[in-house]
Structure formats: C-alpha cells, structure tokens
Amino acid sequence: MSVRVRFAPSPTGPLHIGGVRTALYNYLFAKKHQGTFILRIEDTDQGRFVPGAEEYICESLAWLGIEPTEGPTYGGKFGPYKQSDRKEIYHQYAFELIEKGKAYYAFDTPEELDLARKSSENDSFKYGVHSRMSMKNSLTLSEGESKTFIDSGDYVIRMLIPTDQDIKINDEIRGEVSFNSNELDDKVILKPDGMPTYHLANIIDDHLMEITHVIRGEEWLSSTAHHVLLYQFFDWNAPSFAHLPLILKPTGKGKLSKRDGAEFGFPVFPLTWARDGEESFPGFREAGMLPNALLNFLALLGWSPGDDKEIMSIDEMVELFSLEKIVKSGARFDIEKANWFNQQYILAMDESLIVEAITNQAIANGYDLTKLPYCVTMMKARVNNLDQILKDAYYLFEKPHQYDNDTFEKKYKPENKSHFNQIANILPEIGDKEAYETCIKSYISDSGCKMGDIFPVLRIALTGILQGPDLFDTFSILGGSEAKERILKLIN
RNA sequence: GGCCCGUUCGUCUAGGGGUUAGGACGCCAGAUUUUCAUUCUGGUAGCACGGGUUCGAUUCCCGUACGGGCUACCA
C-alpha cells in the first residue's frame, strides 16, 4: 500500500510556523516513500473561519516549495478536500453510529453544561461513563421526549465511550501510549449546526482518503484515544500515528504562539499577514529569510539525521528523513540559529539571484540599480537576511544619514586636514578597487602620514560608520567626485 | 485538580551498560583583514534528583522533582 499523508490545517488565520514544520515532516515522509502529500482544509468551525487563510496556507507552501499534490486547488480523486463541502458524508456516518448504538443524542444546553462544570470540583466534570446517565440525552429521556428534541433539530451527537476499556496506541515516535476509557469523555461528534467536530471529520476523512500515516502535533495525542475508538466503532483500520514534539517559546514556557513574535521580536509566520481592520503579523519571507534556510532550520527543530549533518537541501532531507529519528521532547525556537542558517544560505546563494531578490527594495528606495551587483558582492558576507543588505549599505546609494562623531573625533587630527584635501583632489573619477587603493596608499607612503590616521576618517567620511566593506571597494562604487564631496564635507 | 507525554552543555541535538559524553548555534580568546563581517584555530559549558538491577549505569526499571500537552457544541 502506498504512503498517503495529509496536512490538515484549519483556516482560522495565518499558518503558524509549527504548522509549517508539520507540513514539512509530512512532505518529507511522503517523498521519502514515494507517497502522496495531501492538503485538507479543516473548516468545520464556521465561527472561526477567516477569509484568505486558505489562500495564505497554499501560498506559504508554494513559497517554501513543499506543495501537496492533492488538495482543494491541486485536484485528486478523493475530494472534496474541504470539510465544509463534505457535510453530508459526516451526517451519514454519524447516524450510522447512532444506529450501531455507538453514539447517542444529547440535549443539554451550553448553559447546563457550564453549570455542571462549575459545580464540580476543579471543573473536573466530564460528560462520560460516570455522568451521562444524569444528563439530558436519548439514554435518559423517554423516546417521546427525545423525539421532540430531535425533531426540533436542537441536539448534538455524542460518541458513547465504553466502560473499563484500555485503549492502546502505538505511536511511531513515542511507542505505546495507553488510556483507560473511563477517563475519556463522550465527545460531541456532530454539532447543532450540522457540522461535525474535528474528531469525527478527521477520522472519516483519513479513512476515506486512505491516509496511511497521521503525522501531527503532540497536542493531538490526548484525543487520539477517541479517534482509535471511532475507528473501532466503524470497524475500520486505523492509520499509524506519529505525534510530533511541540515548538516552544524561547523561554520554554509553553508552545510558541501567534503573539510570541511581537513578544520576542521575530516572525512566527512564513508570510506577512496584513488584512484591513485585523491584527497584522510579520512574516519570514518579508524579513528576508530564504525559504530553504527556514526549512532547514525547522527540519532540525525536532529531528536530526543521526549524524552531524546540518546544512541540507530538501532532497537530502527527503533522503535522510525517518520518523524514528524524530525527537520526543519539545524544542525551543532559537532565532539566533535560524539567522545563522539564513546567513549560510545567503553565502552559498548565486549573487545574481540575490540581486534579483532585492531589486524591488532598491527600486522602492530609488537606488541606482547598476550598483546592485557590486553592492551584493561586498555585503553578502555581512548580513544574515536579505533585506539587511540595502539597509546596512544605504550609504552606497545616498549620503550618510549620520556620522559616528565619537570615533571621528578620536581618529581625526586637525593637522592632517591638508592630507585629506590632497587625497580628495587626486582621486580618479572612475576606477576599480585597485586604482583607488594604489592612489591612496602611494599618497600615504609619499607624504609620510599613517594609515591609522587616514583610513578610519575616510571610512567615516564615506559611510558615516567605522565598520563595513572594504574601503577601496566603497571608493570604487561611489566614484571619485562623490567620494571627494563626502570627504570635504566631513573635514570642513 | 485529573489524564497523557517528556527531561544530555544557555539553545538545537548525537550517543547509549564500560566513551577523554561528539557536533552545531551562542559566548570568550587568538589568527587573517585598514574596520566590520566572512573564514580558520582554540576555549567555555551538559547526562534533573533519589532508589534499585548490574562487577559497572548518563544509558535499563521504579519513584520524586521539574517542564509541556489535553481537559469545548475549537481545531
């Protein structure tokens, strides 16, 4: 049987970075086994539906290069791939469970359930084996009473959890995990609006779509017992389960979430999410992160190939990937390491592609595009994300905004003023790095002044700061008259 | 609170009954560079604790502690 895995996000907003990793692992696993990677949209909660979220998910996967081959916009013969389009299917199976005596109607109002919870100790109320007979449902009410509720459509369907049963799950990552059914609640599987809950929809779809491996976050581990039971109710074979460790906040206190980006100062979404009248979130793409660097970093957050290999292409990851190598414990998100990966990818990237990538930014700033290739050559080893190049090297395109006065005062000796004037005057109008280097160095040796007195000041004159690319490269890209102007401006 | 899962340098991890416990990020130092960055070299730092099992446990078992997840008519 060929491997079929699915990534099943719900369109409630932008796709979180943890979701991206789940998608990645599913993708790697599918490719590794020449299987199929499927996208399924889990939009059973109409109240949480966010327009544009589905498009965002697809765009993110496309940007990262881990696209599904089956899904809403990708086609496939197991559709529809959006759960809201499968409502009737779930109905049919929910009623089948009622007929089989594996589920029942419940009529308790949300207020009544709330009350039951609040009046229990520590909110320990559970709608299950010990409490269902004192609640309002088709098990406790007369047939007539039940029928009245059912006819009015005011009901939910709950799964009937068996008593005293051990449910064992053989997780691909964690090994055997077991639950006792007495601790499980009678989960709602069909809501009053006619939509299924995640639990029902999920197992029906996985079965119908012939999913062989369910690879998802650890937050699902607890409810897997319910899912296994549901498979048993239907007499279906359950797929294999693999529950991934969670990606934690940098502090380790809790899983990384939506607003942690603002809290810790880095994106937690692949693409920027900005909608009118909505809270917006920055994305890695817009922050200058390369998709393969992000993937590489994410892959290693919870998995390792078993040796010391760290920089890997997607193909290499596919080759090396295995569920057994996935780590069991949660991993903190470390932006420093993500930046390092990005830097490595920038260093290895073809320079013409970098130029291409930052051209729009240069146009927006009104910069001279002919300088871009040279600028990239000079700057690429000095940044760890793409949009930092033009931010850091703005002085190659416009006059310095400000000067490092402390250093200037420390390095500039008024008695050298004439030397700077001289240098400014002998600069060739155009020339390569060597031309400027020869010109200035020979002046220095002829005049007997010290490099240490001259270079730092020239650097500040040209760029405003002390650190940056090679001084003579900077002269070359700026040209003689611009350099002269900047030198004269500073020393006068 | 209950149930479930986890715990190797600050972080991501390799390893696994006998190892100088390995790598990477970060940090520190040195080399290179007119500066910064890159690159290179070196350094810092770890098996949560307590009991077993064993000739020997970081590794296996049991507890404890700590951390995380779930505990909805959300996914």
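Naming: A, B, ... by sequence-line order, numbering from 1 per chain.
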Review point. Just by protein heavy atoms under 4.0 Å, how would nucleotides 32-45 of chain B read 5' to 3' in B, S and -?
Key: --BBBBSS------
Study note, to complete from the structure: So CD of Gln343(A) and CG of Leu290(A): to nearest 0.5 Å the spacing works out to 12.0 Å
Check your understanding: Which value, in whole Å, describes the distance between the C1' atoms of nucleotides G67(B) and C27(B)?
Key -> 26 Å
Review point. Between G26(B) and G43(B), how far is it from one C1' atom to the other, in whole Å?
Key: 14 Å
Review point. Does the side chain of His213(A) pick up a donor-acceptor pair with the side chain of Asn26(A) at under 3.5 Å?
Key: no
Study note, to complete from the structure: Distance col, row Leu246(A):CG vs Glu219(A):CD, nearest 0.5 angstrom, shows 5.0 Å
**Study point:** Gap in Å between the two C1' atoms, one belonging to U58(B) and one to G50(B), rounded
**Key:** 15 Å
Practice item. Using a 4.0 Å heavy-atom cut-off across all strands, classify Gly452(A) as base, sugar-phosphate, or nothing. Key: nothing
Point to revise | P atoms of A29(B) and C61(B), separation to the nearest Å | key: 44 Å
Exercise for review: Choose from G6(B), A14(B), U11(B) the nucleotide whose nearest atom is closest to any side-chain atom of Arg332(A).
Suggested key: U11(B)
Practice item. Write down the distance separating the P atoms in U44(B) and U13(B), rounded off to the nearest Å. Key: 24 Å
Review point. So does Lys328(A) get a side-chain nitrogen or oxygen closer than 4.0 Å to the phosphate oxygens (OP1/OP2) of U13(B)?
Key: no
Study note, to complete from the structure: Heavy-atom contacts, protein to nucleotides 66-75 of chain B, under 4.0 Å, summarised as B (base), S (sugar-phosphate only) or - (none) per nt, yield -SBBS-SBBB
Review point. Do any N or O atoms from the side chain of Tyr394(A) and from the backbone of His401(A) form a donor-acceptor pair under 3.5 angstrom?
Key: yes
Review point. Is the shortest side-chain N/O distance from Ser124(A) to OP1 or OP2 of G1(B) below 4.0 Å?
Key: no
Practice item. Please step through salt bridge (charged side-chain N to carboxylate O under 4.0 Å, His left out) for the pair Glu263(A) and Lys249(A), ending with a clear verdict. Key: CA-CA 10 Å; Glu263(A) 164 111 28; Lys249(A) 300 175 196 289; over 6 Å; no
Point to revise | Distance, C1' atom - from A57(B) to G18(B), rounded to whole angstrom | key: 9 Å
**Study point:** Asp308(A) CG to C12(B) C1', straight-line distance once rounded to whole Å
**Key:** 13 Å
Practice item. May I have the distance from Trp303(A) (atom CH2) to A14(B) (atom P), rounded to whole angstrom? Key: 11 Å
Revision key, fill the gap. When both distances are under 3.5 Å in a Watson-Crick or G-U wobble arrangement, the nucleotide paired with A21(B) is none
Exercise for review: Would you tell me whether Gln46(A) and Ser84(A) have side-chain atoms, one donor and one acceptor, within less than 3.5 Å of each other?
Suggested key: no
Check your understanding: If the P atom of G63(B) is compared with that of G2(B), how far apart are they to the nearest Å?
Key -> 15 Å
Study note, to complete from the structure: Rounding to 0.5 Å, atoms CD (Glu54(A)) and CD1 (Ile41(A)) come to a distance of 4.5 Å
Study note, to complete from the structure: Between CZ of Phe297(A) and P of U11(B) the distance, given in whole Å, is 14 Å
Check your understanding: Using the C1' atom in both, what is the distance from G15(B) to A21(B), to the nearest Å?
Key -> 8 Å
Review point. What about Trp303(A) and Tyr25(A), are their ring centers closer than 6.0 Å?
Key: no
Point to revise | Euclidean distance, atom CD of residue Glu336(A) to atom P of G26(B) [Å, nearest integer] | key: 7 Å
Check your understanding: Any salt bridge between Arg382(A) and Asp392(A), counting N to O under 4.0 Å?
Key -> no
